[in-house]
Amino acid sequence: MLFKEEHISEETLSAEKNIKEGKKNTFFADVILPVPVEGRFTYRIPAELSEKVQEGARVVVNFGKRRVLTGIVMRVHQEAPQNRQAKYILELLDEQPLVNASQLRFWEWIADYYMCYLGEVMNVALPSGLKLSSLSKVQFNPSFVALQAQYQIPLSAKEQILIDNLVGDNALTFEQIANLLNVKNVYPIIKSLLFKEAIIVFEELKEKYKPKIVKKIRLTKHYLIDIDKLTELLDALALQKRNFSKQQDVILKYLAEIPADAPIATHQQGLPKSAFVKVGISESSLHALIKKGVFEEFEEIVSRFEEYDTLPLKSITLTDYQQEIVSQIEKSFQEKQTVLLHGITGSGKTEMYIDLINKTLDRGQQVLFLLPEIALTTQIVSRLKKVFGAKLGVYHSRFSDNERVEIWKGVWENRFPIVAGVRSSIFLPFNNLGLIIVDEEHDPSYKQYDPAPRYNARDTALILAHIHQAKVLLGSATPSLESYYQAQQGKYGFIKADKRFGDAQLPEIQLVNMSIERKQKTLKYNFSSLMLQAIEENVQKKEQTILFQNRRGFAPHLTCQECSWIPTCINCAVSLTFHLASNELRCHYCGYRESPPASCLNCGSTKIKTVGFGTEKIEDELKLIYPEIVVQRMDLDTTRSKYSYQTIIDDFANQSIDVLVGTQMVTKGLDFDHVSLVGIFDIDRLIHFPDFRSHERTFQLLTQVSGRAGRKDKKGIVLIQTAKPQHPLLQRVISHDYEGFYQDEIAEREKHFYPPFSRVINITVKADEQSLSIEAATELTQKLKAVLGEGRVLGPVPALIEKIRNQYLQNVMIKLERDKINLKAVKQLIKEQTIGLTSNRRYKTLHIVPDVDPM
DNA sequence: AGCACGCCGACT
DNA sequence: GTCGGCGTGCTC
């Protein structure tokens, strides 16, 4: 059992009543299981558990013949399922619910809105440490020896090998057996041996979560009541020569940590064994004293997050301006559930958030602070830590399962009234949320793309807040078109903070005309002369530079100069990216790798060159041009290990790096005091990306990166290399004109009936063969047009990457009016049509994946 | 999604 | 003849 909170549901009460009245009732539980199957599954509650099973508790059940799964009880009732026998619940894992009633409502809403199964929601919502893993294991059947002697049952060679390996209580998992026998499918062998009664199959359940345990030692009672005895012992040890000096060391170390005159309570807390081992004392000398009855060993469950608890807390002071903004937000909250804060970079949004968080906590309510994935490892969290200390729980994908379970527990017990987390932290067991902050609300990482549920944490936060009657603050320097539109329509409150903290100036953004530089041949590799000059001057001034190129690797393609052949991925319809450091070609979609070819595989020519450039090439070229400059790259490839990201950031912050070259990673949540130049490459590709949001993305990205330049008194400079400096979007960027950009873009969206004017549902048809995917998608489109109306259905079109992991993808887009449309009914129609399609024999095997509000 | 069952080809 | 391929159907 994980949690102690008292919770008695009505069902439990009525069960107790029934028992008192001597009624015999059979109870059933509707259980959510982590499987992509429609509906809930009804299990019978064994009599001995009938009082204990509560809604929201985890149970272990059999599902199908083999499988053992962890499920969540949704409802307890007495309605026996009609046309089938309910299986029994095997085990109850929580005496108190793990998931509360508002969470279950929330899960149902998500499954409904995003067109997925409840089990899929359960899968993302629960940290996997809370799910049991079931392992089928195989054991030798001892009575087989007698059977074998009597009937001489024949065994195949493989069966014999397996039996030989099982003797002597050696249970094996199915996977181990597969490896041992070198077969893919172990079931036939298992089945045959089961039939011959040679083996027994059993399920081993494992609770994955393990509390962190520290082994400690403390004085035994004998010494505790009279600590002077310890000094006596020390003297006695001193008299005896031989090896007792080691034991003296132990006692001395103990007294150094906990002086003899320390309070008894301190002595009782003891010392971790590791404290002794650290100073070179061996375990054996410790054990000698344990044997003597001086110390005793004990274990203590500790938090994995203890380290922060001891830091002194800081408080913050708002400037008058920030104070003013905060009161505007509060005033707006009186009328609106949701408020959009358009705060330019450097306006001190974090301080304002902190103030609002404090006020919510003072009211005894919880706060959820959502951040995009990468921003979470950065300064903003350490600032929050300094203010909120042990009250702050951080929920991040780099955390281990065990750590996530501890956050979950902490939220449940309200030890963490404030949580800063990534999108999946909306699933933590809050019971009294007062405020949700969605920072950088425009960030696409709030949307989960794969697997289902394809939810958007920003949008679902509004639902979560509604359930808790809480407020939502959306914050961004570059709000999404959707949110800004809602604010304009008066659906959201709207506050603008356009003064930078300490009156710091906005950076000066300049466009570098690459067409001209190319004509005049003033380019050096991918660097314009202006860019190089700026970098050089900046380094001389001992200032730092960030270079942004939104593409990792060295070059996005290789190509043969003779025949234009391009190496492509064997599983996906993309070219392979060349990585110099590892000297290999890699697919960024499926992870496939191969060595770069020495010669063209098409014509045999050895004239192979790279096309395009990524962060690795920028880094490489810059080092060639200026060998004395310290350049560091920050992208997915250099930040794979747990701490590498932090290391790079620390190195940059303490100025041991001059130039940081990176992808999106350098644009988010980073604040450095000495960056006065930002250089941006290859932006034209982004502007012309075939997606209706490409302009919005580009504007947001450029504004975000630019915000990294200049602090306080220093005005920063941003250089953007482009072949089209006259592009209206870039003009809006250089004049820091979000309003203007919004007006341009919203007009486009209205003209083409894109969100926020319409609602989009994208349907991807996946098949193993191209022709099949096209055929099925075409048929689906026709069916949908018939029920939804011609104009609302577009496509099918091949996905941007037509083949990924050997699956061919076709997209059908559905555009719906915002009002006067029954969304539920539309989704029902879509479901019916997809079911109708897959009932056709030809299309049985293909996958049809709906994505509501795609990004 | 798993996993079982069942019906086909290519091997000891 | 059997092993093991994957198409089909079901899971309370």
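Chain A is the first sequence line, chain B the second, and so forth, proteins listed ahead of strands; every chain is numbered from 1.
Nearest to the side chain of Lys65(A), among dC12(C), dG9(C), dC5(B), sits dC5(B). You'll find that the side chain of Lys844(A) is closest to dT8(C), out of dT8(C), dC12(C), dG2(B).
Aromatic rings from Tyr455(A) and Phe427(A) are positioned such that their centres are separated by under 6.0 Å.
Following rounding to the nearest Å, Ile32(A) (CD1) and dA1(B) (C1') show an atom-to-atom distance of 17 Å. Straight-line distance from the CG atom of Asn83(A) to the P atom of dC12(C): 13 Å, rounded to whole Å. Spacing between atom CZ of Arg67(A) and atom C1' of dC12(C) amounts to 13 Å, rounded to whole angstrom units. Taking atom CE of residue Met122(A) and atom P of nucleotide dA1(B), one finds them 17 Å apart after rounding to whole Å. Rounded to whole Å, atom C1' of dT11(C) lies 15 Å from atom CG of Leu90(A). The distance from atom NE2 of His847(A) to atom P of dT8(C) is 13 Å, rounded to the nearest whole Å. Rounding to whole angstrom units, CG of residue Leu69(A) and P of dG2(B) are separated by 9 Å. The nearest whole Å value for the distance from the CG atom in Asp30(A) to the C1' atom in dC12(C) is 9 Å.
Within the nucleic acid shown, Pro81(A) has no heavy atom closer than 4.0 Å to any nucleic acid atom. If you check every strand for non-hydrogen atoms under 4.0 Å, Tyr43(A) touches sugar and phosphate atoms only. Within 4.0 Å of Asn62(A), counting heavy atoms only, lie sugar-phosphate atoms of the nucleic acid but no base atom.
One distance of note links CD1 of Ile830(A) with CG of Leu780(A); it measures 9.0 Å at 0.5 Å rounding. Going from atom CG of Leu462(A) over to atom OG1 of Thr460(A) covers 8.0 Å, rounded to the nearest 0.5 Å.
For the OP1/OP2 pair of dC10(C) and a distance below 4.0 Å, the side-chain nitrogens and oxygens of Arg84(A) include no atom meeting the criterion.
Both cation-pi conditions hold for Lys827(A) and Tyr113(A): the charged atom is under 6.0 angstrom from the six-membered ring centre and inside a 45 degree cone around its axis.
Heavy atoms of other residues, nucleotides or ligands lying less than 6.0 angstrom from CD of Glu108(A) number more than 12.
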